[in-house]
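FYI, side chains are in, hydrogens and waters are out, and symmetry mates aren't considered; it's all heavy atoms of this structure. Chain letters run A, B, ... following the sequence lines, proteins first and then strands; every chain starts at 1.
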Amino acid sequence: MSHLTETELFGLVLYAGSAALIGIGLYLVAVRDHVIRILLGLTLLESGVNLVLVAAGFRADAAAPILIEGITANTAMVDPVPQALILTTIVIGVGVLALALAMALQIHRLYGTLSMRALLQHVAREQGEPAHESLPRPTVGSGDAVPPPAAALEGKLT
Amino acid sequence: MTLALPIALPLLSAFMLPLVSRANGTAGRLFGPLMVAANLFVGLALWQKTSELGPRHEALGGFAAPLGIQLYGDQLALLVVVITSLLVLLLWPRGKQDPVREPTLTLMLLAGSCGIALSGDLFNLFVFYELVAVASYGLVASAGTGPAYLASLRFLVLSAAGSAFALLGIGLVYSITGTLNLAYLSGQSSEVLDSPLGLSAFALMLIGFGVKAELFPVNTWVPEVYAAATSRVAGLLSGVVSKLALLILLKLLLGVFDTEAAHRLLLVLGVLTLLSGELAAYRARDLRRVLAYSSIAQLGLVAIAFSVSGAAGVLAGIALALHHYLAKPALFLLAESWGGRLALLAGAARRSPLAAGLFVLTALSLIGVPPLPGFWAKYLLLGALFESGHGAYYLAAALLLVTTVIEAAYLMRIVGHLFEPADTGQKPHARCELMPATLLVSCLAMAAVAAAPLADGLSQVAGQAVAARSQMPALTEQPLAMEERP
């Protein structure tokens, strides 16, 4: 295998890393049960996407796009536009995460559990009648499927 | 009068509302609607100007394109501004529990909506989209019940994941073309983005913006959110937010991704959305869920309309969207008192005859019975589909007719329940729900009467939107593509 240039190696590592981040984030969001795990996955997904954007702006032998000592407007710089984009995106991500955590806190106060499956069952029972005629009616006494709130707090980190 | 005014006014009011409310309670209650009315007048004034002078660009802060953010105001954008302000005014939250939170979020929703309508920069569009998203998460959760919080959290997760994908798509567009300015992107030849990379960028953005546009397969949030939120918020979401997401997709299709593959992709998703929505609505047994699935199906219709290239498709899409803007919030307002299992609706017509009459009228318009505006909108869509001349569009037209039959079945089933001789003791509607609903439905009726001039006006809007590509101002400096940069 021929020797990779610095740019290509850099690119490979960055893009592979961001693909891994996006993959892990997507897995956590789609598959996992605990709300905090899902939010963690969301953060990883957003970080992965931000990394792709920054990596797209990379140029070899270029400085960071900050005007400090020794760097004039004529120095070679990496593309500053993607960096400006992800600054905004990181802030949006932080805000949305804060909102999500606040909602998770409120949900925990109301239901005592943060397991998505248990929460959906709670809500389905609260709303009473099934919305579709083909689904079986959830019986009230099926305590095995829904763990009581005390037990839900322990051992819920699947 | 600057184009930034419809964005700045609601945004400023949103942050001033808590202060005004602190100073004087009554002033706080009036401040919000007053500002929205002011925004409506600004929108109308700008519309007037644009009709005389044509569409205009405005550079924000004096920074010139392509690096500066531009606002682009054509008739379509200002139409969205005007009708969004009108709907927000009609669906203003009652705010019984908290007179500050819901109105503030609604004002932010309005600011974000006007931003989406007027923005001429791809990333700026994304930022305003996120503003609308955060406002809608808050509004869904403001119902205060457990199911509302859970629905809002699940909506947040799905929507934020979608936004991450949309951002990836935007990043891909930037790395291919080197610019984010919509005008510059339209000015480029369509071959630049005709590659698999370009198509995947569009697919990513479809998934991302399709969450709010309630497209298949990312519309799983719709039934639970509409069931859990208050009816006014449901009306706002289905009426306003979904159309904005579709408007973003239209802007992308018209300017940036003017390729056949992109149009086909949207057609496929639109057809799947339509089918899944109508079939699920047929099976649903809860009024709110029927309306939620019906909303999905109608938005699928708008997506199909936008996927037809040319002014005819855009015209049909705008007509369908306008019709849905008026019809769906009216239905959700009527469903406020009638929520619950369909069987419980028996005999409700005797208790609230006006509401039942409004429901029947709106249902007939949704199905597409002449001379109601729903008929004209679907007729325009059928015309556009048959004109396009490609087999896939004929299939879509056939599916449209089949799903209309299904729609008639489940909507008339509800009407049958309403007029049953039995009586399950439903309470009559409150006036605060009936008044906006009556206003919306009378707008529908007026549209039925004024169909011809309305159609002329809308075709002018559509023509301007489509012709914008060839009328872009002369670009003196093209941005450098990726390979050419030092």
Item to check | Non-hydrogen side-chain atoms of A:Leu42 and B:Leu156 separated by less than 4.5 Å | outcome: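 They are in side-chain contact.
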Next on the checklist: Counting C-beta onward and ignoring hydrogens, is there a side-chain heavy-atom pair between B:Leu150 and A:Leu120 closer than 4.5 Å?
Outcome noted: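 Of all side-chain heavy-atom pairs linking A:Leu120 with B:Leu150, at least one is under 4.5 Å.
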Name the region of [X], side chain, backbone, both or neither, that has any atom closer than 4.5 Å to a heavy atom of chain B.
X	result
A:Leu26	side chain
A:Val52	side chain
A:Leu85	both

Checklist entry - Rounded to the nearest 0.5 Å, how far apart are CD1 of B:Ile170 and CG of A:Leu53? => result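 Atom-to-atom, B:Ile170:CD1 and A:Leu53:CG are 8.5 Å apart.
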Checklist entry - Of the listed residues (A:Val49, A:Ile22, A:Leu45), which shares the most heavy-atom pairs with chain B below a 4.5 Å separation? => result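 That would be A:Val49.
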Item to check | Between A:Leu99, A:Val29, A:Val35, the one whose heavy-atom pairs under 4.5 Å with chain B are most numerous | outcome: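 So the answer, after comparing A:Leu99, A:Val29, A:Val35, is A:Leu99.
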Checklist entry - Heavy-atom distance under 4.5 Å to chain A: side chain of B:Leu180, backbone, both or neither? => result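 Contact with chain A: side chain only.
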Item to check | Test side chain to side chain contact (heavy atoms under 4.5 Å, CB included) applied to B:Val127 and A:Thr89, step by step | outcome: CA-CA 8 Å; B:Val127 171; A:Thr89 315; over 6 Å; no
Item to check | By side-chain contact (heavy atoms from CB on, under 4.5 Å) - contacts of B:Leu109 (at least two apart) | outcome: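 side-chain contact (heavy atoms from CB on, under 4.5 Å) check on B:Leu109 returns B:Ser113, B:Val132, B:Ala135, B:Leu139, B:Leu236, B:Val241.
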Next on the checklist: Tell me which one of A:Leu110, A:Val123, A:Leu119 satisfies side chain to side chain contact (heavy atoms under 4.5 Å, CB included) with B:Tyr149.
Outcome noted: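 Exactly one option meets the side chain to side chain contact (heavy atoms under 4.5 Å, CB included) with B:Tyr149, and it is A:Leu110.
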